[in-house]
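Contents: one structure, followed by commentary.
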Amino acid sequence: MPAIVVLGAQWGDEGKGKATDQLATTDPIDFVVRTSGGHNAGHTIVVNGEKYATHLLPSGILTPGATSVIAGGVVVSPEALFRELDGLVARGVEVAGLKVSANAHVIASYHATIDKVTERFLGKNQIGTTGRGIGPAYGDKINRVGVRIADLFDEKILAQKVEAALDLRNQLLTKVYNRRAIEVDAVVEELTSYAERLRPMVCDTSLLLNQALDAGQTVLFEGAQATMLDVDHGTYPFVTSSNPVAGGVCVGAGIGPTRIDRVIGVIKAYTTRVGSGPFPTELFDEDGTKLQQLGGEIGVSTGRTRRCGWYDAVIARYASRVNGLTEFFLTKLDILGAWEQIPVCVAYEIDGQRVDEMPMTQTEFFHAKPVYEYFEGWQSDISDCRSFDDLPKNAQVYVQALEEMSGAKIWGVGVGPGREQTVVVHP
Ligand code: GDP
Ligand code: IMO
Ligand code: MG
């Protein structure tokens, strides 16, 4: 299977790191690639009880023998990149061989500044961003005033680009936000200081990946963020500023859609969300607190408490549709072992009408009330189960029911954070 996409089917933090690690340990993977987003992501993998978190790097950097790639659709903070690499090296992880696209846009410190002041300015309408400068960096890219990795190697060009980018930004900062202007020279100096260390990593990653696919090598595209955070297909404006859906992988990597063989949607056995925006199955009672606590639902990047709710099959079907999922990887089934009865949202009720598919407008989605179907819990610890037959009957029924209502088969189920804590349903 040469090209595999792993992506988030909900609002992020589904366990994409674990799914990537799982695939990379069962089949040999030659390349693990990030194609969108930046260091707003936080992917956790647990190997032999040791926990690792990756942000800008693909979690595949921990897979021996796989080359990690940051493709052109990613927004790269060189400062965050080196901090993350140094952190892994200090823990004895081999990080040599990383490739970074010359086309990737750069996040400089001013992007994070603008991200934070914009959020403050929005007040109660704020998005709840990670404050990493993601939106402003993609904004510059779309406005054609962005700085790309290749620009760091020519100080003259870099100075011109930073000047162009800051021209308008500084007007905004000083006149609207009442802040000090950002100095072009200081930014240029900071960015050029990263150039030498970056240089050996930089290449045409589209060419590299297409050649790898031509040679029959296996490339795993590790999604960041998720379908419902997609700037086009998510809960706009409460989204990130990139396209985490499967289509975004082609754009971000510079590969054609005909290259992709499998698209795996990672989905939790319940739902979580960080930041603002609608969330139909969100719980405000003790079940919500219990999911949050038992699931350890705290953001990997920002340490924020995640909002929690039941599984939403409408979202699963939507994710299956907009990504063309070939399968799901269902995570955190073990967490549900503490309930006698487990509600699953099978449809919405909007203004008195039953709706089975994602509503067309945001207003309708804001008004959507979950229609629940109830499943018997298994009320036991399943973290030592290693095959589908090991799972208690009620857990098997729950997985099969989700599969039937979610629009794609479930190839695997996570029963714990560890690498070995996976049950393969459809090999
Ligand atoms: P990502 O951003 O999609 O990679 O997910 P995060 O790493 O932000 O959040 C997922 C969390 O759930 C991490 O702490 C994982 O270690 C953990 N996790 C993943 N799969 C499972 C699972 O099947 N069971 C349990 N208990 N934890 C899991
Ligand atoms: P992973 O890859 C969960 C959310 C933020 C906010 C919105 C916009 O670990 O699943 P941004 O900083 O991107 O402009 O914030 O998107 N968000 C995430 N939520 N997991 C993530 O990544 C996220 N990356 C961004 O909380 O609501
Ligand atoms: Mg995460």
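Just so you know, these numbers use all the heavy atoms, side chains as well, and skip hydrogens, waters and symmetry mates. Just follow the structure's listing: the first ligand is 1, and inside any ligand the first atom is 1. Remember, it's a predicted structure, so these values are computed and weren't measured experimentally. Along the sequence shown, residues are numbered consecutively beginning with 1.
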Residues in contact with ligand 1, criterion: heavy atom under 4.0 Å: Asp13, Glu14, Gly15, Lys16, Gly17, Lys18, Gly42, His43, Thr44, Val300, Arg306, Thr331, Lys332, Asp334, Ile335, Gly414, Val415, Gly416, Pro417

Side chain of Asn210, backbone of Gly254: donor and acceptor closer than 3.5 Å? yes

Donor-acceptor pair, distance only, cut-off 3.5 Å: does the side chain of Gln396 make one with the backbone of Leu391? yes

Run the numbers on Asp13 and Arg273 for salt bridge (charged side-chain N to carboxylate O under 4.0 Å, His left out), then give the verdict. CA-CA 8 Å; Asp13 306 323; Arg273 171 163 209 174; over 6 Å; no

Is there a side-chain contact between His105 and Val76 (heavy atoms, below 4.5 Å)? no

Keeping Gln292 on the side-chain end and Glu297 on the backbone end, is there a donor-acceptor pair under 3.5 Å? yes

Yes or no on ring-ring contact (aromatic ring centres under 6.0 Å, His included) for Trp411 and Phe329, after CA distance, side-chain angles and deciding distance? CA-CA 6 Å; Trp411 77 262; Phe329 182 67; 5.1 Å; yes

Could you list all the side chain to side chain donor-acceptor pair (under 3.5 Å) pairs where at least one residue sits in residues 122-133, not counting sequence neighbours? Asp115-Thr129

Parallel under 30°, tilted from 30 to 60°, perpendicular over 60°: which one fits the rings of Phe375 and Tyr398? perpendicular

Please determine whether a side-chain nitrogen of the Lys or Arg among Arg262 and Glu327 lies less than 4.0 Å from a carboxylate oxygen of the Asp or Glu. yes

Output the distance between atom CD1 (Ile182) and atom NE2 (His111), rounded to the nearest 0.5 Å. 9.0 Å

As a test of reading the model: which residues have a non-hydrogen atom less than 4.0 Å away from ligand 2? Trp11, Gly12, Asp13, Lys16, Asn40, Ala41, Gly42, His43, Ile127, Gly128, Thr129, Thr130, Ala224, Gln225, Leu229, Val239, Thr240, Val274, Gly275, Arg304

Give, for atom CD1 of Ile45 and atom OG of Ser59, the distance between the pair rounded to the nearest 0.5 Å. 5.5 Å

Just by distance, do the side chain of Lys290 and the backbone of Ala338 share a donor-acceptor pair under 3.5 Å? yes

Counting only protein N, O or S atoms and ignoring waters, those under 2.8 Å from the Mg ion (ligand 3) are Asp13 OD1, Gly42 O

For the student: nearest non-hydrogen atoms of Cys345 and Tyr372, plus distance: N-CD2, 3.6 Å

